[in-house]
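Down below is the structure, laid out as structure tokens.
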Amino acid sequence: MKNNKIIGAKIRSIRVSRQLTVEEVAERAGMTVEQIQSIEEDKVFPSLAPLIKIARVMGVRLGTFLDDQSELGPVICRKMDGGAGNSIRFNNTEGTAKKHMDYHALSQDKAGRHMEPFLIDIAPSADVDFIFSTHEGEEFIYVLEGIVEINYGTNTYILEEGDSIYYDSIVAHHVHAGNQEPAKILGVVYTPY
């Protein structure tokens, strides 16, 4: 299973290969040096938004942090695989909060892609003071199981199994389980770079 230790090491490796200092990445990403160091050293579980900012600064796709191979043709992810061997866990907030989302990559072998499809398992969260995320791009969510609540700007949307939503990621948003029960979604993230 891929984990944040691999992600931190990959970020550090790409940063060094691009001849960027931690300070340069932090400044360009609008983050602190401490945040970048904590992610690279596996001291925090990063949310999706900072990873997208870091990817943009380094000139790579978000999925580069999950990639193992580069396939130019189509990539098939079988049901039995479910992306389970290629997952990362996020908390969808900042800092050291409890992780509540497991992202299972469905296209990590596809070279040159512009979309990042994931199966995402959402654990119930007791938090009600969510820290919203904003980043360039678009997101599509399709609910496979359970109920999902999406805070988007000043609106709240409740999605049930079979419902979907497509939105601009630049608007502050947060995705979480809507009824204190686990949920599963198909999420597709597009980030221009």
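- Between the Q35 side chain and the T32 main chain, a donor and an acceptor come within less than 3.5 Å of each other.
- With a 4.5 Å cut-off on side-chain heavy atoms, V25 and M58 count as touching.
- Atom CD of E27 sits in a sparse spot, with 12 or fewer heavy atoms from other residues, nucleotides or ligands closer than 6.0 Å.
- Clustering of Ile, Leu, Val, Met, Phe, Trp and Tyr side chains at separations under 4.5 Å places I147 together with I158.
- Side-chain contact check for E139 and H135: at least one donor-acceptor pair (N or O, by modelled atom type) lies under 3.5 Å.
- Side chains of E149 and H174: a donor-acceptor N/O pair is absent below 3.5 angstrom, by distance only.
- Ionic pairing of E24 and R15 is not present here: no N-O contact between side-chain nitrogen and carboxylate oxygen is shorter than 4.0 angstrom.
- E161 meets the side chain to side chain contact (heavy atoms under 4.5 Å, CB included) test with no other residue; sequence neighbours excluded.
- Proximity of V175 to I141: side-chain heavy atoms (C-beta onward) are separated by under 4.5 Å at one or more points.
- Between M31 and I39, the closest side-chain pair of non-hydrogen atoms falls below 4.5 Å.
- Put simply, the side chain of K53 does not reach to within 4.5 Å of the side chain of R28, judged on heavy atoms.
- In this structure F140 satisfies the ring-ring contact (aromatic ring centres under 6.0 Å, His included) test with no other residue, sequence neighbours excluded.
- Under a hydrophobic clustering in which Ile, Leu, Val, Met, Phe, Trp and Tyr are joined whenever their side-chain heavy atoms come within less than 4.5 Å, directly or via other members, I11 and V16 fall into different clusters.
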